[in-house]
Chemist: 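First the structure, which I've put down as structure tokens, then a few questions once you've had a look.
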Number of protein chains: 2
Amino acid sequence: MKPQTIKVACSNCNLRELCMPLDLNAEELRRIDELVTTRRKVKRGATLFHNGEKFNSLYAIRTGFFKTCVAAEDGRDQVTGFQMAGEVVGLDGIVNDHHTCNAIALEDAEVCVMPFERIEELSREVNALQRHVHKIMSREIVREHGVMLLLGSMRAEERLAAFLLNLAQRLHARGFSPSELVLRMTREEIGSYLGLKLETVSRTFSKFAEDGIVEVRQRHIRILDAPALQHMAHPVACH
Amino acid sequence: MKPQTIKVACSNCNLRELCMPLDLNAEELRRIDELVTTRRKVKRGATLFHNGEKFNSLYAIRTGFFKTCVAAEDGRDQVTGFQMAGEVVGLDGIVNDHHTCNAIALEDAEVCVMPFERIEELSREVNALQRHVHKIMSREIVREHGVMLLLGSMRAEERLAAFLLNLAQRLHARGFSPSELVLRMTREEIGSYLGLKLETVSRTFSKFAEDGIVEVRQRHIRILDAPALQHMAHPVACH
DNA sequence: CGGCCATTTGACACTAGTCAATGTGAGTGG
DNA sequence: CCACTCACATTGACTAGTGTCAAATGGCCG
């Protein structure tokens, strides 16, 4: 067992290909290592940052699972995303120097803290980092376009199918089974993300199970018929 | 009348405070002027860029009005935003070097073409520009969070009220009346943006009119009771 | 002036929401 | 180790809000 004192650096982090640019030379790699000033553990249920908090850093998720949510004045809130290892949260804070959403750990988690000042400084000198930062933000914009499409024009079954496929695909990219997953969030949180009530989420799961498309045991999901799920998510794909 | 040959530069563009950073010295201003290589006119109904097209530039809108929309495989499409003078479109293209949505002019328009390579180059040297680019992208992310809240948890009346208030506020910031506006988009486009069918949009307009909250004459809208609209958009604000 | 597209309005259908009761597991403390 | 508790999940019955389909109206452009 490795001694605890080894500082895990980006340069030898096994998530590097997920959260950092790939085409770096040795010198650039060394400098990237300086991006992460500290790491921070976040207990399940605790907030990484919250609405109104001063923005200082972006956070790269090392382990664990987060949700981000925005709140309306009247108390309703909307989950805007679920984030897992290798993904970056905190981008919402840049524009007004204050965060506009809450990031809450859905399981014990650890994040790399990257002061934004330092990111900007370094990305002036390392072109690959500059490009990378731009891509991360653009990717988030494109992801949100997809969510808007989902919320604006899909029905409950389609939404849940798309959600499961997306989750499975991201987990698969991280080395997990492409067909078996454990949900880290409640039905209510899924519903909030998908613009549905928790009862509807539950019913839709049950329907998928009846149809033999997925197996549902609480939060343990096994995708039995991925093509059928695909088809649910994009219903009228045939012409 | 000024001669046509005068090249309008960012440095003396009346939209500067909308689309460019403010705190620039003379030298930086001169360099920013080099960002815009050309201007491009887009006729009403024409596309500025479309899904799948190679990404090269961001576009700052000088005049006119655009919609951006993403398309699902099955033909459905979702309007992801309406953009007006001083706003920037094209950010979706950065992540994959190809655009993932269509930008279509809703009235004759003119845009400033800003090659992204040049933006990146210059923002390495002009800190204010770097910061500005980051803010523009972050602002778009935050805007989309708001749309997700709207699509995920608001009812038809609330959505339309929020939409009208947002449009009015943006137009007001551009020197137009805060209470009188001309919609540049159809009911169907509004519906697509708000996740509603065009009939629902129409009915909701009619209801607002009956209630004396707005006056609706085709696409001419006059807001008669802004507080009431505010209240519609944030229904349970009282405790 | 005519044709066309956008809009409005009505009647009805259906999806998802609401409210309520019941079931299930994970974790806790006796 | 077991019973208890609590949060989460499931299911049913009913309802409200939008969608769907269809018809009529109104403006605008050629």
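Chain letters run A, B, ... following the sequence lines, proteins first and then strands; every chain starts at 1.
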Chemist: Taking the side chain as C-beta and beyond, is there a heavy-atom pair between B/Thr186 and B/Leu198 under 4.5 Å?
Modeler: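 Result no, sub-4.5 Å side-chain heavy-atom pair not found.
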
Chemist: Report which part of the nucleic acid B/Gly191 touches: base, sugar-phosphate, or nothing (heavy-atom distance under 4.0 Å, all strands).
Modeler: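 Nothing, no nucleic acid heavy atom in range.
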
Chemist: Given C/dA6, is OP1 or OP2 found less than 4.0 Å from the side-chain N or O atoms of B/Arg187?
Modeler: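 No, B/Arg187 has no side-chain N/O under 4.0 Å of OP1/OP2 on C/dA6.
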
Chemist: What is the distance from CD of A/Glu158 to P of C/dC14, rounded to the nearest Å?
Modeler: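 Going from A/Glu158 (CD) to C/dC14 (P), I get 17 Å.
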
Chemist: Can you confirm whether A/Val182 sits close enough to A/Phe65 that some side-chain heavy atom of one is under 4.5 Å from a side-chain heavy atom of the other?
Modeler: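 No, every pair of side-chain atoms sits at 4.5 Å or beyond.
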
Chemist: Roughly how many Å is it from NZ in A/Lys207 to P in D/dA9, rounded to a whole number?
Modeler: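 It is 21 Å, rounded to the nearest whole Å.
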
Chemist: Can you tell me how far C1' of C/dA6 sits from CD1 of B/Ile190, to the nearest Å?
Modeler: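 Between C1' of C/dA6 and CD1 of B/Ile190: 12 Å.
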
Chemist: Looking at every heavy atom in both B/Ile221 and B/Val214, which two are closest together, and how far apart are they?
Modeler: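 Result for this residue pair: CG2-CB, 4.4 Å.
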
Chemist: Quickly work out the A/Arg155 CZ to C/dG17 P distance and round it to whole Å.
Modeler: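 A/Arg155 atom CZ is separated from C/dG17 atom P by 13 Å.
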
Chemist: Just the rounded figure in Å: distance from P of D/dA9 to CD1 of A/Ile221.
Modeler: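 So the CD1-P distance, A/Ile221 to D/dA9, works out to 10 Å.
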
Chemist: Whether the B/His220 and B/Glu180 side chains hold a donor-acceptor pair (N or O, under 3.5 Å, no angle test) is what I'd like checked.
Modeler: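 No.
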
Chemist: In whole Å, what is the span from the CE atom of A/Met154 to the C1' atom of D/dG19?
Modeler: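 Computing the A/Met154:CE to D/dG19:C1' distance gives 17 Å.
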
Chemist: Below 3.5 Å between N/O atoms, which protein atoms pair up with nucleotides 11-15 of chain D? Just atom names and distances, please.
Modeler:
| unit_1 | atom_1 | unit_2 | atom_2 | d |
| --- | --- | --- | --- | --- |
| D/dT11 | OP2 | A/Ser206 | OG | 2.5 |
| D/dG12 | N7 | A/Arg203 | NH1 | 2.9 |
| D/dG12 | O6 | A/Arg203 | NH2 | 3.2 |
| D/dA13 | N6 | A/Arg203 | NH2 | 3.4 |

Chemist: Tell me which pairs pass salt bridge (Lys or Arg N to Asp or Glu O under 4.0 Å) where either residue lies in residues 61-71 of chain A, with sequence neighbours left out.
Modeler: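 Listed once each, the pairs are A/Arg62-A/Glu110, A/Lys67-A/Glu189.
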
Chemist: Without decimals, in angstroms, what is the distance between B/Gln218 CD and D/dT25 P?
Modeler: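 After rounding, the gap between these two atoms is 15 Å.
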
Chemist: Measure the distance from CZ on A/Phe205 to P on C/dT24 and round it to the nearest whole Å.
Modeler: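 For the pair A/Phe205 CZ and C/dT24 P, the rounded distance is 18 Å.
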
Chemist: Any idea how B/His99 and B/Phe49 line up, ring-wise: parallel (<30°), tilted (30 to 60°), or perpendicular (>60°)?
Modeler: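 Ring orientation of B/His99 relative to B/Phe49: parallel.
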
Chemist: Do the side chains of B/Glu210 and B/Lys207 get close enough for a salt bridge, i.e. N-O under 4.0 angstrom?
Modeler: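 The answer is no: the pair does not qualify as a salt bridge.
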
Chemist: Measure from the side chain of A/Lys197, starting at C-beta and using heavy atoms only, and say which of D/dA9, C/dA16, C/dG17 lies closest.
Modeler: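 Selected nucleotide (nearest to the side chain): C/dG17.
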
